[in-house]
Amino acid sequence: MIHARGLTRRFKIKGAHVDAVRGLDLDVEEGQLVAFLGPNGAGKSTCLRMFTSLLPPTSGTAVVAGRDVVSDPAGVRARIGYVGQKSGAGENFRVRDELVTQGRCYGLTRPQARERADEVLAMLDLGSLAERKPGTLSGGQRRRLDIALGLVHRPRLLFLDEPSTGLDPQSRANIWEHILRLREEHGTTVFLTTHYLEEADNMAARVVIVDHGRVIADGAAGRLKSDLAGDRVTITTRDAADAARAAGIAERVAGSGEVTADGTTVLLRVSHAGAVLPEYLRSLDEAGVKVLTAETSRPTLDDVFLALTGRSLRESDAQGDAQGGEQGGEQGGEQGASRDAAA
């Protein structure tokens with residue numbers, strides 16, 4: 001459904017060149033649910049703009065839903081659904097009318113558009129809201145309407161840019177219920193970005209992490225966490241001297257990886273914490289090191305990013321300049337795409 005090779009995008013900001021995407025290679029097969037992750041300014045939204053033909057690449061190729069994004073952008077748009085971060089519905093027409101109009105824009109006859117509007121209203125539990133105006137809906141209801149607008153023409157591939165941002169936990173869970181059902185019942189390929197790492201961890205079959213415009217990790221969340229981050233073993237001791245001794249012993253424990261000591265706390269990264277911890281505690285007891293607390297924890301996707309880059313995925317302040325260039329270029333790309341569509 002998505003096949004990109006050497007995809008790049010360069011912006012010129014205040015006389016300087018900013019490379020938002022740098023030689024990205026990516027393949028997404030039909031039916032997959034892919035979470036596309038990275039800090040602000042990493043190139044996520046720029047990639048989405050290029051995949052959806054809203055922004056031309058500087059170089060490289062991308063074939064999306066069987067159509068080339070450069071030579072056949074209209075073909076790409078006819079075969080995909082795209083739900084951006086901002087609401088796509090207007091304020092002055094009823095929900096059902098918005099969906100009918102969307103269907104007409106995609107070439108459906110009026111009867112076909114009405115029938116399809118009713119189908120997506122039922123699919124996303126919006127039937128009772130059909131006569132209301134979008135401005136009267138809650139955040140979660142409005143987000144479901146955005147997804148409905150992206151599904152009117154039965155796309156094989158759906159792009160979702162931050163689908164649950166700003167929603168309360170209940171609304172987020174509801175949105176995800178519908179996203180998962182789309183894939184399970186209709187075989188829809190879903191490609192999404194999110195800043196909620198727990199969503200990607202729990203829901204996505206595949207996680208792709210980008211940084212500085214390149215893919216740095218790609219695979220199932222569980223495998224990435226196991227291979228790249230490892231479990232944590234954390235103990236606390238009576239004093240810093242005992243912690244230093246505990247750290248030295250940890251380095252000799254079979255299977256232990258990275259070891260750090262901070263004050264009275266010692267942290268180990270290991271492949272299998274449940275197997276390492278008993279042996280480690282026995283070794284500490286034999287050495288006369290008194291352990292006050294001991295615990296194990298599974299890694300997160302943020303730990304994966306930390307292992308790969310040395311910083312947290314949640315840290316975005318340092319990306320501010322790059323993000324500004326990315327957003328500026330994207331806005332220009334959207335404006336150009338709108339003019340092309342109108343023409």
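Note that the structure is predicted; figures quoted are calculated from it, not measured.
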Candidate pair E286 and R252, rule salt bridge (charged side-chain N to carboxylate O under 4.0 Å, His left out), full reasoning = CA-CA 14 Å; E286 292 170 358; R252 300 194 296 270; over 6 Å; no
Shortest non-hydrogen contact from V76 to V69?
-> CG2-CA, 4.0 Å
Rounded distance [0.5 Å steps], CD in Q141 versus CG in L129 | 4.5 Å
Correct closest heavy-atom pair for L7 and A62 would be CD1-CB, 4.1 Å
Can you check side-chain contact (heavy atoms from CB on, under 4.5 Å) on L137 and R132, steps first, answer last?
-> CA-CA 8 Å; L137 305 182; R132 288 173 56 178; 3.9 Å; yes
Return the minimal non-hydrogen interatomic distance between L308 and A217, and the atom names on each side.
-> CD1-CB, 3.7 Å
Can we say K86 and E162 salt-bridge, meaning some charged N sits less than 4.0 Å from an Asp/Glu carboxylate O?
-> no
From M50 atom CE to C47 atom SG, the distance as rounded to the nearest 0.5 Å | 4.5 Å
Quick check: are there more than 12 heavy atoms from other residues, nucleotides or ligands sitting under 6.0 Å from CG of D262?
-> no
NE2 on H186 to CZ on R181, rounded to 0.5 Å = 7.0 Å
Counting only heavy atoms not in Q170, do more than 12 fall under 6.0 Å of its CD?
-> no
Would Q112 and T109 count as having a side-chain donor-acceptor pair, cut-off 3.5 Å?
-> yes
Could you tell me whether the side chains of R77 and S53 share a donor-acceptor contact shorter than 3.5 Å?
-> yes
Can you spot which of L182, L33, T189, I179 makes a side chain to side chain contact (heavy atoms under 4.5 Å, CB included) with L158?
-> L182
Any sub-3.5 Å donor-acceptor pair from H3's side-chain atoms to A65's backbone N or O?
-> no
For residues 103-114, the salt bridge (Lys or Arg N to Asp or Glu O under 4.0 Å) pairs (sequence neighbours left out) are none
Is it true that L281 and I249 fall in one hydrophobic cluster, defined by side-chain heavy atoms closer than 4.5 Å?
-> yes
Assess the side chains of T8 and S59: does a donor N or O sit below 3.5 Å from an acceptor N or O?
-> yes
Determine, using the 4.5 Å side-chain heavy-atom cutoff (strictly less than), whether V83 and M203 are members of one ILVMFWY cluster.
-> yes
Does the side-chain contact (heavy atoms from CB on, under 4.5 Å) test come out yes or no for L267 and V233, once each step is laid out?
-> CA-CA 6 Å; L267 169 66; V233 173; over 6 Å; no
Please determine if K44 and D211 form a salt bridge, counting it only when a charged side-chain N lies under 4.0 Å from a carboxylate O.
-> no
Verify, without hydrogens or angle tests, whether R9 (side chain) and P56 (backbone) share a donor-acceptor contact under 3.5 angstrom.
-> yes
Hey, what do you get for CD1 (I216) to CD1 (I209), rounding to the nearest 0.5 Å?
-> 6.0 Å
Stepwise side chain to side chain donor-acceptor pair (under 3.5 Å) check, D19 with H212 = CA-CA 8 Å; D19 293 315; H212 298 300; over 6 Å; no
Kindly say whether D218 contributes a backbone atom to a donor-acceptor pair with the side chain of R223 at under 3.5 angstrom?
-> yes
Taking every heavy atom of L268 against every heavy atom of A250, the minimum-distance pair comes out as CD2-CB, 3.6 Å
Side chains of E98 and T101: is there a donor and an acceptor less than 3.5 Å apart?
-> no
Just by modelled atom types, is the E198 backbone N or O under 3.5 Å from a matching donor or acceptor in the N202 side chain?
-> yes
Take D161 and T193 through the side chain to side chain donor-acceptor pair (under 3.5 Å) test and state the conclusion after the steps.
-> CA-CA 5 Å; D161 196 2; T193 68; 2.6 Å; yes
Lys/Arg N to Asp/Glu carboxylate O, E30 vs R79, below 4.0 Å = no
Measure the CD1-CE distance between I147 and M123 for me, rounded to the nearest 0.5 Å.
-> 11.0 Å
Does the salt bridge (charged side-chain N to carboxylate O under 4.0 Å, His left out) test come out yes or no for E119 and R116, once each step is laid out?
-> CA-CA 5 Å; E119 289 176 357; R116 183 56 181 164; 2.9 Å; yes
Honestly curious: do V70 and V63 fall in one hydrophobic cluster under the side-chain, below-4.5 Å linking rule?
-> no
Go through F159 and V190 one step at a time and tell me if the side-chain contact (heavy atoms from CB on, under 4.5 Å) criterion holds.
-> CA-CA 6 Å; F159 290 95; V190 180; over 6 Å; no
Are Y82 and R49 close enough that a side-chain donor and a side-chain acceptor fall under 3.5 Å?
-> yes
Spell out, as yes or no, whether a donor-acceptor pair under 3.5 Å connects the side chain of T309 to the backbone of F305.
-> yes
Examine distances only and state if a side-chain atom of R245 and a backbone atom of A287 form a donor-acceptor pair shorter than 3.5 Å.
-> yes
Is any NZ, NE, NH1 or NH2 atom of the basic residue among D125 and R144 found under 4.0 Å from an Asp or Glu carboxylate oxygen of the other?
-> no
Where is the tightest heavy-atom contact between A35 and A200, given as atom of each residue plus distance?
-> CB-CB, 3.7 Å
What are the two closest non-hydrogen atoms of A42 and V210, and how far apart are they?
-> CB-O, 3.6 Å
Is a side-chain N or O of T264 found less than 3.5 angstrom from the main chain of D239, in a donor-acceptor match?
-> no
From L126 atom CG to L99 atom CG, the distance as rounded to the nearest 0.5 Å = 8.0 Å
Would you say the side chains of N174 and R143 form a donor-acceptor pair under 3.5 Å?
-> no
Checking Y280 side chain against A246 main chain: does a donor-acceptor pair fall under 3.5 Å?
-> yes
Run the numbers on I80 and V64 for side-chain contact (heavy atoms from CB on, under 4.5 Å), then give the verdict.
-> CA-CA 8 Å; I80 66 170; V64 177; 3.9 Å; yes
Measure from the side-chain N and O atoms of D25 to the backbone N and O of G6, and report whether any donor-acceptor pair falls under 3.5 Å.
-> yes
Side chains of S164 and E199, donor plus acceptor under 3.5 Å = yes
For a salt bridge (Lys or Arg N to Asp or Glu O under 4.0 Å) with K225, tell me which candidate from D303, D201, D231 qualifies.
-> D201
Under 3.5 Å, side chain of K133 to main-chain N/O of R94, donor-acceptor pair present?
-> no
Kindly work out whether a path of hydrophobic side-chain contacts (I/L/V/M/F/W/Y, heavy atoms less than 4.5 Å apart) joins I175 to F191.
-> no
